[in-house]
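If you're wondering where the values come from, they're calculated on a predicted model, not measured in any experiment. Note on naming: letters A, B, ... go to the chains in the order of the sequence lines (proteins, then strands), and numbering restarts at 1 for each one.
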Protein chains: 2
Amino acid sequence: MCVDKEHKYLCAAGGILSIISKKWALLIIYKLGTRGRLRFTDFSTELDTINPQALSETLKDLVSEGLIERESFPEVPPRVEYFLTPEGQTLWELVKPLIQWAAERDYRDKDRCDKICRKKMCHSKNSPCKRELQNERKNNNL
Amino acid sequence: MCVDKEHKYLCAAGGILSIISKKWALLIIYKLGTRGRLRFTDFSTELDTINPQALSETLKDLVSEGLIERESFPEVPPRVEYFLTPEGQTLWELVKPLIQWAAERDYRDKDRCDKICRKKMCHSKNSPCKRELQNERKNNNL
DNA sequence: CAGTATCCAGCGCGATACTG
DNA sequence: CAGTATCGCGCTGGATACTG
């Protein structure tokens, strides 16, 4: 596998992709990078109603990738915290400028942000974008 | 839309995701970043049998994102070249360290590369990985 | 050569209900 | 609280054939 150096690089890129391309993975890393430790439900509220199923899966993936760590406290009610591993922090340092670059692009082209919002981040029922869209539609149908 | 600064950042991340998460987009940028100008069929051979349909769509997306540019020459047979725009080069500069980081991880953990290869990069019929996998299976069935 | 047209499969993800 | 179980849809991307 990964027969030559070139192909190895492609594999590596593929590996990053398989991590990053999960819809919520980068945002989870973003949140942990800026906020520090977070609990399961923190993500639910922070990430604009990601559903527990997708969240659970993505967290597991990131844990098994060694990018975040899970610490559970033997309390009632249970408490679990997630945080970046050193390796995750390294990734975060690389991802941060990427997000900043993206934010600047959006700033220069305001329509982009809206389009992206609609397409990628506003599927969830109660997201701010979704509500705005629903209002728009209402008004258009009048 | 993008109601507050935080949400704007999430949108930006979503924008990056929508670009990057296309299976072949990063690799196209990688190839253009390292090779310079490339033609349509160059990608087909460079990228281990990506199919023309997916390639065509991804290229269009990247063009409409302003990350790459398409130049067609009025010749017979037709010739078309793709290359990074300045904006695309900026992205490439940000993506490069990401890929290097990924390559180093894979180097430390050899199994990772194999797994990723299988999962993400070896779907196409004639990829080196695919052929190796088929051989493996044959041997196991003996 | 540089694509387009079609058809189809897999799965990522959303919604919802349930549990230790 | 921190998840798991189940179901279903839509989109991405693969294979193949065709065209200016």
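Remark: P of D/dC1 and CG of A/Asp42 are 10 Å apart, rounded to the nearest angstrom. What separates NZ of A/Lys23 from C1' of D/dC9 is a distance of 14 Å, to the nearest Å. In this structure, the CG atom of B/Asn51 is 16 Å from the P atom of C/dA9, given to the nearest Å. Atom pair A/Leu38:CG and D/dC1:P shows a separation of 15 Å (rounding to whole Å applied). Between the P atom of C/dG20 and the CZ atom of A/Phe40 lies a distance of 17 Å, rounded to the nearest Å. The interatomic distance linking B/Lys22 (NZ) with D/dG14 (P) rounds to 11 Å, in whole Å. Atom CG in A/Leu59 sits roughly 10 Å away from atom C1' in D/dA2 (whole-Å rounding). Put simply, CH2 on A/Trp24 is 10 Å from P on C/dC13, counting in whole angstrom units.
Aromatic rings from A/Trp24 and A/Phe43 are positioned such that their centres are separated by 6.0 Å or more.
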May I have the step-by-step check of side-chain contact (heavy atoms from CB on, under 4.5 Å) for B/Trp92 and B/Leu32, ending in yes or no? CA-CA 9 Å; B/Trp92 165 234; B/Leu32 290 175; over 6 Å; no
Stepwise side-chain contact (heavy atoms from CB on, under 4.5 Å) test for A/Leu84 and A/Leu91: CA-CA 9 Å; A/Leu84 292 175; A/Leu91 175 57; over 6 Å; no
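Distances shown here put every side-chain N or O of B/Thr41 at or beyond 4.0 Å from the OP1 or OP2 atom of C/dC1. Within the structure, every side-chain polar atom (N or O) of A/Arg39 is placed at least 4.0 Å from both OP1 and OP2 of D/dC1. Between B/Lys60 and C/dG3 there is no side-chain polar atom (N or O) within less than 4.0 angstrom of OP1 or OP2. Between C/dG3 and B/Arg70, a contact under 4.0 Å exists linking OP1 or OP2 to a side-chain N or O. Regarding contacts with the backbone of C/dT4, a side-chain N or O of B/Ser56 is found under 4.0 angstrom from either OP1 or OP2.
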Secondary structure string for DNA chain C (Watson-Crick or G-U under 3.5 angstrom, | for other-strand pairs): ||||||||||||||||||||
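Put simply, CD1 on A/Ile29 and CD on A/Glu93 are 12.0 Å apart, with the number rounded to the nearest 0.5 Å. Taking NZ of A/Lys96 as the start and CG of B/Leu94 as the end, the distance is 13.0 Å to the nearest 0.5 Å.
In this structure, B/Phe73 reaches neither bases nor backbone, as no heavy-atom distance under 4.0 Å exists between it and the strands shown. Contact annotation for A/Glu57: no contact, since no heavy-atom pair falls under 4.0 Å across all strands. Within the 4.0 angstrom heavy-atom criterion, no nucleotide atom of any strand lies near A/Glu75.
A salt bridge is absent between A/Glu65 and A/Lys22; no separation between the charged side-chain nitrogens and carboxylate oxygens falls under 4.0 Å. Under the 4.0 Å criterion applied to side-chain N and carboxylate O atoms, A/Arg39 and A/Glu81 are not assigned as salt-bridge partners.
Where A/Gln53 and A/Pro78 meet DNA chain D, the nucleotide closest to each residue was compared, and A/Pro78 sits on the side nearer the 5' end. Where B/Pro52 and A/Thr58 each meet DNA chain C at their nearest nucleotide, the meeting point lying more 5' is that of B/Pro52.
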All N/O donor-acceptor pairs, side-chain side in residues 66-77 of chain B, below 3.5 Å, sequence neighbours left out:
residue	atom	partner	partner atom	Å
B/Glu71	OE1	B/Arg37	NH1	3.1
B/Glu71	OE1	B/Arg37	NH2	2.9
B/Glu75	OE1	B/Arg79	NE	3.3
B/Glu75	OE2	B/Arg79	NH2	2.8

